[in-house]
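Structure first, then comments.
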Protein chains: 2
Amino acid sequence: MRDVAVRAGVSTMTVSRALNEPGKVSEDMRERVLKAVREIGYLPNHLAGSLSSNRSTTIGLIVPSIDNSIYTQTVKGLSEVLKRSGFQLMIAESGYDPNEEEELITVFLSHRVGGLVLHSTEHTPQAIEKIRKSGIPVVENGNIPKEPLDMVVSYSNRDASYAMTMHLGRLGYRKIAFASLYSVHNDRSQDRLKGYLAALKQLGHEPDPRMVLETGRGLAAGAEVVARVMQSVPEVDALFCAGEVLAAGALFECQRRNWSVPGRIALASFDDVDLLRHVSPSITTLRLPRYDIGERTARILLSRIIDGADHLRGSVVDLKFEVIQREST
Amino acid sequence: MRDVAVRAGVSTMTVSRALNEPGKVSEDMRERVLKAVREIGYLPNHLAGSLSSNRSTTIGLIVPSIDNSIYTQTVKGLSEVLKRSGFQLMIAESGYDPNEEEELITVFLSHRVGGLVLHSTEHTPQAIEKIRKSGIPVVENGNIPKEPLDMVVSYSNRDASYAMTMHLGRLGYRKIAFASLYSVHNDRSQDRLKGYLAALKQLGHEPDPRMVLETGRGLAAGAEVVARVMQSVPEVDALFCAGEVLAAGALFECQRRNWSVPGRIALASFDDVDLLRHVSPSITTLRLPRYDIGERTARILLSRIIDGADHLRGSVVDLKFEVIQREST
DNA sequence: CCTGATTTTGATATCGGTAACAACAGAATT
DNA sequence: AATTCTGTTGTTACCGATATCAAAATCAGG
């Protein structure tokens with residue numbers, strides 16, 4: 001930058017202003033500086049800028065697992081909005097482990113990120129303490145927690161699960177089984193279970209532990225889960241797979257075993273992934289606002305950082321979801 | 001840091017050393033500093049550190065599209081290795097646009113990343129110039145380009161496509177159609193086509209423009225493409241879908257139309273995604289070293305950055321792939 | 001116990017910018 | 001014409017660390 005200043009015959013301060021606050025510099029001065037910048041091929045040093053101004057255009061994002069197709073839409077929404085404002089995204093994965101998350105939060109704070117996006121809503125006390133102390137804005141967006149850290153942009157896992165279970169009940173299914181991902185350190189799973197149980201109660205169905213299952217991710221897990229429940233509770237007439245592509249895996253297994261869907265057993269899913277629409281029978285599912293979550297998260301974060309919109313502190317955005325009735329129920 | 005130094009009754013330099021070069025500081029001194037760090041809850045400022053030392057622990061990654069399941073495995077491999085060495089990942093998406101890529105490269109260079117990972121292998125001359133000038137190590141990993149920018153960790157799209165086409169030929173298919181993603185600004189697609197054509201030549205088949213198709217991403221695109229080729233070339237007996245889940249989409253379409261697979265038409269795919277294994281018939285495909293690419297990329301980059309392994313400059317790592325024969329061919 | 005070698009610690013400049021305020025010019029006000 | 005205001009540019013200090021070299025402390029050998 002010194003070089004640019006010399007070449008343009010001005011002070012570094014003027015160069016800085018010409019580049020970052022064009023309004024505060026005269027027209028021809030700006031021209032002169034930009035010319036020098038071009039001639040020298042000058043690249044501003046963002047580290048120095050952030051350090052000096054104590055402002056950062058980097059946002060830290062922590063997801064449980066990068067290779068989970070579910071989050072990618074949210075990341076895309078985040079990324080697109082942030083990019084438009086010249087912000088960068090630093091991404092790391094916590095592996096569903098709060099301690100690991102804490103570690104990553106520490107690293108991100110060290111990097112002086114301007115904001116933090118956490119998919120998980122379960123954090124260690126130390127992590128919470130550190131974030132509080134740092135004072136940077138945070139958005140949680142995997143769920144709507146009881147005690148938000150700061151801001152929240154999400155849908156309610158409990159409500160969505162409740163809605164789908166009620167939907168199945170209204171369609172006349174009497175023995176509705178429920179499968180979710182493992183619920184340790186995963187309050188999304190826990191809340192989905194709560195929604196399911198609340199709906200059963202509302203429907204007047206008796207909950208049956210044999211019809212509440214947990215499993216891993218992937219098509220194989222879905223296959224396993226439908227086989228397990230058919231075996232232990234033959235009279236089951238519907239299975240709500242509250243996780244990723246479990247329902248598709250279940251469907252493939254049903255086809256292999258010649259269990260008609262939805263005749264013998266109905267299947268419902270969580271999340272509107274492409275696959276569920278294209279199998280036959282197509283699978284009833286919930287459409288969740290994955291992309292919107294990312295977009296809104298970015299917007300609200302930018303408002304806080306750029307506009308200093310302090311009234312947004314602690315705000316909770318509960319985005320809507322939708323039950324999509326298809327052939328499998 | 002000043003606070004820590006005061007509290008421990010030493011200079012900031014000693015604090016810095018105690019934290020970053022423990023070997024250069026006496027045992028009890030280190031203890032005293034660490035104690036002060038804990039008491040104060042001191043978080044090092046990474047920006048200041050990088051600025052001062054002119055070293056960076058941030059790696060920039062540019063992928064064409066974040067929501068592409070194909071890349072997530074690679075990102076995971078990268079992420080895991082980098083995390084272990086205390087490096088961070090900055091991710092952005094170029095939207096398959098070299099100009100956008102150039103812009104992002106500029107931003108990353110401004111952030112003084114320690115290394116760059118590019119999935120695309122097509123860059124603007126200015127982008128190349130800037131990277132050269134910056135002197136940071138770069139890895140390309142979407143393909144093996146003719147003229148690498150620096151290092152390459154990838155598999156050969158051409159070779160993989162060739163291998164699958166030859167596989168189909170050896171199985172006895174005579175009319176092998178080929179579908180890929182749009183090839184503008186996508187040399188992966190272009191190379192896959194080259195591999196296909198080379199194999200046809202080798203097999204002594206006549207290439208037929210009606211059997212070479214391009215389409216978008218997703219299951220619907222796969223469905224469309226199989227319908228299109230069956231319509232225009234009824235005697236086609238195999239379709240090699242060289243992109244993502246196209247083959248699965250094609251399979252679903254075949255099932256809807258009652259075209260038996262592989263009886264009426266055989267299907268082959270690119271990339272070993274879970275889905276292809278679980279449909280029936282299961283789909284013949286290529287297993288590509290997606291995770292390994294990320295891992296190796298990270299390793300080679302770290303060698304260059306940490307160990308200054310200059311002999312690695314310009315090295316090309318061609319990772320192996322594998323044809324997986326399944327029921328669909 | 002002294003000398004020279006080796007650690008260990010500290011002082012100072014610097015990395016590349018921006019904040020805050022000062023200086024100056026020309027325009028507007030009186 | 002003197003005064004005030006406004007807009008533009010410059011000066012200086014500092015952001016929070018590390019590099020570099022100097023100083024002090026420790027150690028070994030004679």
**Prompt:** A/Asn20 or B/Val10: which one's nearest nucleotide on DNA chain C is closer to the 5' end?
**Reply:** B/Val10
**Message:** Run the salt bridge (charged side-chain N to carboxylate O under 4.0 Å, His left out) test against A/Glu103 and tell me which residues pass, sequence neighbours left out.
**Reply:** none
**Request:** Measure from the side-chain heavy atoms of B/Thr14 and tell me the nearest of C/dT9, D/dG10, D/dA17.
**Result:** C/dT9
**Message:** Classify the ring geometry of A/His46 against B/His111: parallel below 30°, tilted from 30° to 60°, perpendicular beyond 60°.
**Reply:** parallel
Check: protein-nucleotides 19-24 of chain D nitrogen or oxygen pairs below 3.5 Å:
residue, atom, partner, partner atom, Å
D/dA19, OP1, B/Arg55, NH2, 2.4

**Asked** Can you tell me how far C1' of C/dG17 sits from CE of A/Met1, to the nearest Å?
**Response** 6 Å
**Item:** Donor-acceptor pair, side chain of A/Glu100 and main chain of A/Gly95, under 3.5 angstrom
**Value:** no
**Message:** Tell me which pairs pass salt bridge (Lys or Arg N to Asp or Glu O under 4.0 Å) where either residue lies in residues 31-49 of chain B, with sequence neighbours left out.
**Reply:** B/Arg7-B/Glu39, B/Lys35-B/Glu39
**Nucleotide D/dG16, atom C1' - distance to CG of B/Leu19 in whole Å** = 13 Å
**Request:** Calculate the interatomic distance between B/His111 atom NE2 and C/dC15 atom P; express it in whole Å.
**Result:** 21 Å
**Message:** Looking only at side-chain N and O atoms, does A/Thr58 offer a donor or acceptor that is under 3.5 Å from a partner on A/Gln88?
**Reply:** no
**Asked** Contact class for B/Asn45 (heavy atom, under 4.0 Å): base, sugar-phosphate, or nothing?
**Response** sugar-phosphate
**Asked** Can you check whether B/Thr12 has a side-chain N or O nearer than 4.0 Å to OP1 or OP2 of D/dG16?
**Response** no
**Message:** Nearest whole Å is fine: how far is C/dC15 C1' from A/Leu51 CG?
**Reply:** 9 Å
**Request:** Could you state the atom-to-atom distance from CG of B/Asn54 to C1' of C/dG17 in whole Å?
**Result:** 14 Å
**Message:** How many whole angstroms separate atom CD of B/Glu27 from atom C1' of D/dT26?
**Reply:** 17 Å
**Item:** Distance, rounded to the nearest Å, where A/Leu47 contributes CG and C/dC15 contributes C1'
**Value:** 10 Å
**Prompt:** Does one side chain, of B/Asn141 or B/Thr297, offer a donor that lies under 3.5 Å from an acceptor on the other?
**Reply:** yes
**Message:** Main chain of A/Val10, side chain of A/Thr14: is a donor-acceptor contact present, judged purely on distance under 3.5 Å?
**Reply:** no
**Message:** Expressed as a whole number of angstroms, how long is the span from A/Lys24:NZ to D/dT6:C1'?
**Reply:** 13 Å
**Prompt:** Given that B/Arg2 and B/Arg112 both sit by DNA chain C, which one's nearest nucleotide is further toward the 5' end?
**Reply:** B/Arg2
